[in-house]
Structures are given as structure tokens and as C-alpha cells.
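What follows is a short report on a single structure.
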Amino acid sequence: MISVQEARNLIAGCCKARKIKETSLQSAGGYVLAENLCAPFDSPHFNQSAMDGYAFSYEDWDGKSELEIAGEAQAGNNFYGVLSPGTAIRIFTGAELPPGADTIVIQENVEKTENRIIIKDKKLVKGSNIRLRGSQTKKGDEILKEGHLLTPASVSFLAGFGLNSLKIFANPAVHIIATGKELIKPGDTLTSGKIFESNSHGLQAALKQLDISPTAIEITDDEEEKIMNAIQRNLDADILILTGGVSVGDYDFVATALEKCCVQKVFHKVKQKPGKPFYFGIHNQTLVFALPGNPASVLTCFYEYVVDAIISFTTKKYFKRIQMPLTTEYSKKAGLTFFLKGKTASGTVSILEGQESYKMNSFAMADCIIELEEEKTEFKKSDIVNVLMID
Ligand code: AMP
Ligand code: MG
């Protein structure tokens, strides 16, 4: 059996594939940019009014006398006439500055008669209220680098350059196979010995936290051939997650079915609780996670291991790993890393009641997973522990 750290290292060693995809700008938000982008033109690409007001030539204005309004420039509708001395142009925010004008006085700072204005702005200087061409970015400037998270503001910024497609690090295709003869679906009759299948739902919701929807979900019986068929149908995924049937019981066929499907085992069994029978393998580029079926084991392994594999594709950060003091003492046996359902409050973390791996009532209340190291057995109140936030 290997340690949690060895398992993490082995998985990281197999996470080499990234998928770069060309996508429309409209769907790029939330992804990470996979190319360096340069400005195709100066932005703004013309001298632009920053306010509603009047544009004129500062040099030609004597500082006192009235200016005659000789025309109008609206955003998107230029003034094409000539600005002669003693005249001003009515101008609005976003309009192109007419040739000859270099200063704008805002409308609140003028006294307006029929067709004339008197400027009442003592602080007005040449160039006031103008967004100069190229004052945001110059043509050819690197505007965003590979690795940049495309926030709504980034998308808006790029849209301003008329970009409509760009390269991003794509989500991996994730397929899920839940195995178990006992599993029934909502709407089926709950008879003795059967249970409602919950792992695929928990995994889908966890993937949704990462903005990923699984591309295929199958529920299959505990029969080697059926499991093999399901595996073969799903080996085109980037990440294949199986749940159940990976332990040592007579009906645990997943590991042998994977072997028969030519999945190369990287490890099977990790010194951890819950989720000790955790299996990881690889088939061509497909990463295969076979998780022990108890619902708490499934989600714990997902958050602790599968998320890191997903990050290797998307290069995004999802859940924070932090350190916090415990609110209570805790004893455990040596030789296993414990992952415990926890709840944080005011900078501390509490271990919840109900840590057994079949119990989901406690997990439903958790906002984090507490990691207690393999060899340490006694944890005192205020001991600092590693915490993975999962909300
Ligand atoms: P296994 O890993 O197949 O030995 O399953 C361990 C426990 O998890 C058993 O009690 C199973 O009934 C339960 N289990 C396995 N798969 C699921 C599932 N998809 N949904 C809910 N419980 C499951
Ligand atoms: Mg089973």
C-alpha cells in the first residue's frame, strides 16, 4: 500500500495531457487563456470624448469670449465639418473628437444661449476630458498572456478588440460508471437489499462546482463482462471515474475488468481512511480512477485526487487548501491518513460527528475535508491541521 503523498505524486506523473481548444469569445468566460494575445490596433483607436460637452481648439480660445456652436458629434456619428476659430462643437461621450479640436468643456461648466456658449470652467486645461488614441493599449502590446483566467472583465476587454475566437485550456471529457447490483434509480421501487444510486449524482454535482458536466454516465451491474463492456464504451474519456466494486469482495470485479480492458494499473490501495481500496490506472491518455463505492469515500477521493487531475487540464484553481486549528482533540490509529468531514467557523475547524464512509448526513453539513497525517495518532485542541475547502 502506498501513502497519500505517493498516490498524489503518481497521479501527477500521469497528468501530462492538456487540451487546447479554439472557442468563441461568448463561451470563453471562466476558462484559462491558452495563448498570448496582442492588441490588433490602438485602443481607443481614435481620440474620443470622455464627457458630454463642447469640443474646441484651446489655442484659438481667448479664455473669455463666447464660442459659436458650429455642429454636433455624437458617438458613432462624426462631425465632418471644419472647426474654425471662435467655434465649438456640441459633443457627447464616446464621440470622435473633430479635427482641430483638442479640449472639451463639460456641459455643466458652460452658460448656453441660443447658439453660443460661455465657458465657466476656471480649471480647464488643454486636452481636458479627452480619451487619447492608444491611451488604454497600443497596437502590438501584449494584452493578455497564456494562463490568464478569463474573468467577465477579461472577456469584455477582448470583445473591445473585435475578437470572436480564442484558444483556451478545455475541460477534460469526464465519464462516470457506477457499479453495483444493489443500485436502483429514482422512480424504481425500493425493495429490501436495494439502495438508490447516489454516487453518480454526488459526482455530477461536484463536477458542476468546476463548471464541468460529465459526457457519459452509466450504471452497471456487478458482473465482470458488463463492467468490461461499460469500461470499453467509456475509454475515450480524458478522465474515467468508476465507483464501487474495487475492493476485495467476491463481487468486486472492477480491478480485473480494468486489467482485461488493458488499463495499466498505477496503484491499487492507499493508506487512507476512507477510500483505502482506491485504484488509479491509465489507458493511452485516459486517466482511470476507480473509487471505493461508499458515497463518502467517492467524494473524498474526488476532492482529494480527481480534482488535481482536472486542474492539470484546465489549469484553474478550484478549492483552497488552508491550515486551521482544531476545536477538539481527536485520536486515530497510526498508518493511515484520515480524511474527516469538517466544518469551519471563525478561523477554526471542527470534526463532525458521523465519520463512517457510508454516512452522508454529516458530509452534507461539511464545508471542508480535514487531513490528519498518517503517523500521528493524537491530535490536541488547537493543533494546526490541513484543510481542503470544498464549498
Ligand atoms: P463497494 O465499493 O462496491 O464494496 O460498495 C461499498 C458500499 O457503497 C456498499 O454499501 C454499496 O452498496 C455502496 N455503494 C456502492 N455504489 C454506490 C452508489 N453508486 N450509490 C450509493 N451507494 C453505493
Ligand atoms: Mg459493490
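Whatever order the structure lists them in is the order used to number ligands and atoms, beginning at 1.
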- Please work out which of the three classes, parallel, tilted or perpendicular, describes the rings of Tyr305 and Phe339, given edges at 30° and 60°. perpendicular
- Note on the structure: Excluding Tyr279, membership of its hydrophobic cluster (Ile, Leu, Val, Met, Phe, Trp, Tyr; side-chain heavy atoms within less than 4.5 Å) reads Ile177, Ile227, Ile231, Leu235, Leu240, Leu242, Val246, Tyr251, Phe253, Val254, Leu258, Val263, Val288
- Gly249 heavy atom under 4.0 Å from ligand 1: no
- Look only at interatomic distance and state if Glu182 has a nitrogen or oxygen under 3.5 Å from any nitrogen or oxygen of ligand 1. yes
- NZ (Lys332) with more than 12 external heavy atoms under 6.0 Å: yes
- Task: Consider every N or O of Phe196 and every N or O of ligand 1, then say whether any pair is closer than 3.5 Å.
- Result: no
- Looking only at N/O atoms, are Glu197 and ligand 1 under 3.5 Å apart anywhere? yes
- Task: For atom 16 (N) of ligand 1, grab the closest protein heavy atom and report residue, atom and distance to one decimal in Å.
- Result: Asn199 ND2, 3.4 Å
- Parallel, tilted or perpendicular: rings of Phe363 and Tyr303 (30°, 60°): tilted
- Task: List the closest protein heavy-atom neighbour of atom 15 (C) of ligand 1: residue, atom name, distance to the nearest 0.1 Å.
- Result: Gly293 O, 3.5 Å
- Starting from atom 22 (N) of ligand 1, locate the nearest protein heavy atom and write down its residue, its atom name and how far away it is, to 0.1 Å. Ile195 CD1, 3.3 Å
- Message: Can you confirm whether the side chains of Thr256 and Glu224 place a donor and an acceptor under 3.5 Å from each other?
- Response: yes
- Nearest to atom 20 (N) of ligand 1, what protein heavy atom do you find, and at what distance? Ser198 N, 2.9 Å
- Task: Specify whether Phe161 and Phe41 have parallel, tilted or perpendicular ring planes, treating 30° as the upper limit for parallel and 60° as the lower limit for perpendicular.
- Result: tilted
- Query: If we ignore angles and hydrogens, is there a donor and acceptor under 3.5 Å between the side chains of Ser3 and Glu6?
  - Reply: yes
- Starting from atom 4 (O) of ligand 1, which protein heavy atom do you reach first, and at what distance in Å? Asp252 OD1, 4.1 Å
- Message: Under a 3.5 Å threshold, yes or no: a donor from one side chain and an acceptor from the other, between Thr344 and Asp367?
- Response: yes
- Using a heavy-atom cut-off of under 4.0 Å, does the side chain or the backbone of Ile219 touch ligand 1, or both, or neither? neither
- of all protein heavy atoms, closest to atom 3 (O) of ligand 1 is Gly245 N, 2.8 Å
- Task: Would you check whether Val246 has a nitrogen or oxygen atom less than 3.5 angstrom from a nitrogen or oxygen atom of ligand 1?
- Result: no
- Using only heavy-atom distances, determine whether the side chains of Asn78 and Glu96 contain a donor-acceptor pair under 3.5 Å. yes
- Message: Among all protein heavy atoms in this structure, tell me which lies nearest to atom 10 (O) of ligand 1, with the distance rounded to 0.1 Å.
- Response: Asn294 OD1, 4.1 Å
